[in-house]
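Being a predicted model, the structure only gives us computed values, none of them experimental.
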Amino acid sequence: MNRSYIIYTFLLLFAGSVSASAQTAKSAGGTYLVTAFGARGNGKTVNTEAINRAIEACAQAGGGQVIVPKGVFLTGTIVLQSHVHLFLEEGAVLRGVTDLNAYQAYVPQKDMTKYGMAYFPNWTRGLIIATGATNFSVTGYGTIDGSHVEDPNGEEGKRGPHMIVFGECRNFEISGLTLVRASNYAYVGYESENATFRNLVMTEGWDGIHIRGAKNILIQNCDFYTGDDAIAGGFWENVSVSECYINSACNGIRVIFPATGLTIADCTFQGPGLHPQRSTFDGQRRNMLGAIIIQPGAWDHSPGPLENIHIRDIEIDDMNAGITFVLHEGNQCGDVWVERVRATNVKYAHSVESWRGGVFRKVVFRDIYTQFMGDASAGIADLRLEKAAIDPRPSPYWGFYARGVQDLRLENVEFDYTGTEVRPALGFEEVAAIRLQQVTCKEVEGMPREVLIRSGIPVNE
């Protein structure tokens with residue numbers, strides 16, 4: 001039994017204990033209906049003060065459940081507190097107001113620059129925020145609507161407040177809700193620990209769930225239809241993403257900082273994006289860039305390891321790239337398993353690359369089927385790879401490219417392509433040991449199956 005499976009099992013048990021403790025707290029504490037504090041769900045009244053009064057009363061009494069009933073409740077920033085469980089009944093809508101002055105920011109209680117925090121304090125505004133809270137939740141059957149509130153002074157001259165911002169929080173749950181039209185990220189967290197995201201639907205906006213600094217996190221059975229990366233972040237320890245449907249106009253899962261004990265399992269990645277990528281100038285680009293791209297240090301120098309990465313039971317269709325790993329300066333990688341992946345209509349080769357120091361110790365791709373889109377365009381066979389880009393890009397190999405790996409194994413792998421192709425299927429550069437077992441690649445006339453560059457090690461069939 002490998003460590004990733006143990007971690008995944010632990011997270012499932014942990015998520016059950018979090019949910020059970022949350023239910024105990026809800027039943028043990030009082031119930032606070034926001035309308036009893038003056039809130040009106042008529043889609044016109046601004047309810048910021050009323051909702052926060054209900055939360056304050058609940059917290060002062062030691063905790064309980066704050067209920068939002070059916071109706072449309074306009075609001076500015078809602079500040080959650082420890083032991084408070086915000087519950088949206090079916091038909092309840094929390095909708096962000098257009099007045100930017102009605103939004104507060106999460107203010108860190110400690111140095112968060114180690115997590116690459118940017119654009120503070122304007123960046124950390126949110127419709128719902130919490131700072132240093134524990135044992136709390138946002139759950140129910142309703143909708144949180146960010147309404148795409150644009151800020152001309154925000155990033156890209158348009159990004160407004162995030163939907164949910166939790167900083168330095170532990171033991172919390174967000175589940176059952178529909179999150180629509182986030183004015184920036186639907187959820188952004190800094191130093192989150194022991195958290196569950198379950199049965200959520202996220203549509204439009206930018207990133208869906210973006211966490212910087214995470215320990216013991218479960219993201220399960222969520223549907224993403226985002227305008228930017230569906231799940232992103234890094235500095236992760238024991239994070240599990242499972243049973244999710246991921247549709248995006250950017251990347252599915254993008255890890256931009258170190259991570260250890262990461263499991264991605266039983267997920268479907270489907271392009272193109274239902275909603276356009278909101279950062280593009282014309283606001284119309286919908287093609288999905290990549291399913292899973294793990295690239296610590298791609299944005300900022302962030303030394304640290306990748307370790308025990310397990311990707312399994314994945315379906316991928318219609319996007320630029322399937323699985324991409326990239327190491328940058330100061331990053332090392334231990335063991336990586338990619339197993340039972342079926343991908344179709346993929347443009348670019350899977351890749352495992354190191355360009356600025358650091359090596360992959362062991363990489364296993366096992367039980368993989370990929371149907372690529374053949375490319376015979378002018379100059380494609382003569383591409384020279386010198387460094388990795390931020391987003392997946394084409395290469396002189398159509399199926400798989402590896403660089404800077406100590407032990408690489410491809411087992412029971414089938415690569416096919418549609419249309420016309422003029423490149424070799426496989427490229428290996430500075431790979432110490434290669435084992436190819438039951439590897440089948442559609443032939444390209446006049447081309448070898450694989451090309452070895454500066455490896456000095458024969459391929460073991």
Is a side-chain donor or acceptor of [X] paired with a backbone partner of [Y] at a separation under 3.5 angstrom?
X	Y	answer
N251	G290	yes
D229	D207	no
W236	I211	yes
N171	F136	no
T77	G126	yes
T35	A39	no
S137	E173	no
N52	I55	no
S147	V149	no
W398	R423	yes

For the pair T268 and I246, evaluate side-chain contact (heavy atoms from CB on, under 4.5 Å) and give the outcome as yes or no after the intermediate values.
CA-CA 6 Å; T268 296; I246 297 176; over 6 Å; no
Greater than 12 external heavy atoms within 6.0 Å of [X]'s [atom1]:
X	atom1	value
F37	CZ	yes
E156	CD	yes
R340	CZ	yes
E49	CD	no

Result of checking Q109, K110, R212 against E191 for side chain to side chain donor-acceptor pair (under 3.5 Å):
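By the side chain to side chain donor-acceptor pair (under 3.5 Å) criterion, E191 pairs with just one of Q109, K110, R212: K110.
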Do Y348 and Y401 pass the ring pair (Phe, Tyr, Trp, His ring centres under 6.0 Å) test, and can you show the C-alpha distance, the side-chain angles, and the key distance before you say yes or no?
CA-CA 10 Å; Y348 306 153; Y401 173 68; over 10 Å; no
After noting the C-alpha distance and the side-chain angles of F166 and L80, does the key distance pass the side-chain contact (heavy atoms from CB on, under 4.5 Å) rule?
CA-CA 9 Å; F166 291 166; L80 281 180; 4.0 Å; yes
Side-chain donor-acceptor pair under 3.5 Å between [X] and [Y], yes or no?
X	Y	answer
D317	T344	yes
Q270	E315	no
N216	N194	yes
D145	T143	no

How close do [X] and [Y] get, heavy atom to heavy atom, and via which atoms?
X	Y	answer
H148	G205	NE2-N, 3.3 Å
Y187	S192	OH-OG, 3.3 Å
C244	I219	SG-O, 4.0 Å
W206	S183	CZ3-O, 3.1 Å
G132	C169	N-SG, 3.8 Å

If you round to the nearest 0.5 Å, how far is [atom2] of [Y] from [atom1] of [X]?
X	Y	atom1	atom2	answer
I231	I264	CD1	CD1	7.5 Å
L200	N221	CG	CG	9.5 Å
S242	D313	OG	CG	11.0 Å
I174	L179	CD1	CG	7.5 Å
I256	S302	CD1	OG	8.0 Å
L306	L262	CG	CG	8.5 Å

Check this for me: does any side-chain nitrogen of one of [X] and [Y] sit under 4.0 Å from a carboxylate oxygen of the other?
X	Y	result
R393	E386	no
D151	R159	no
R254	D228	no
R403	E429	yes

For this output row, return yes or no: ring centroids of [X] and [Y] closer than 6.0 angstrom.
X	Y	value
Y32	H85	no
Y225	Y245	yes
F269	F224	no
Y185	H162	yes

Give the ring-plane orientation class for F235 versus F257, where under 30° counts as parallel, over 60° as perpendicular and anything between as tilted.
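Taking F257 first and then F235, their aromatic rings lie parallel (interplane angle under 30°).
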Using 30° and 60° as the class boundaries, would you call the ring planes of F415 and H350 parallel, tilted or perpendicular?
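Rings of F415 and H350: tilted, 30 to 60°.
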Going by the side chain to side chain contact (heavy atoms under 4.5 Å, CB included) test, name the single residue among I51, V72, N47, V34 that passes it with L94.
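Testing each of I51, V72, N47, V34 against L94, the sole residue satisfying side chain to side chain contact (heavy atoms under 4.5 Å, CB included) is I51.
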Quick one, V68 and E89 - any side-chain contact, counting heavy atoms below 4.5 Å?
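Answer no - side chains too far apart.
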Test item: L327 and F325 side chains (from C-beta on) under 4.5 Å apart, heavy atoms
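No, too far: nothing below the 4.5 Å cut-off.
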Apply side-chain contact (heavy atoms from CB on, under 4.5 Å) to residues T75 and V46 and explain how you reach the verdict.
CA-CA 5 Å; T75 182; V46 177; 5.9 Å; no
Determine, step by step, whether V107 and T131 satisfy the side-chain contact (heavy atoms from CB on, under 4.5 Å) criterion, reporting the C-alpha distance in whole Å, the side-chain angles of both residues, the deciding distance to 0.1 Å, and the verdict.
CA-CA 7 Å; V107 179; T131 304; 5.9 Å; no
Go through the steps for E307 and R361 under the test salt bridge (Lys or Arg N to Asp or Glu O under 4.0 Å), then give the verdict.
CA-CA 10 Å; E307 182 65 70; R361 184 174 66 222; 3.3 Å; yes
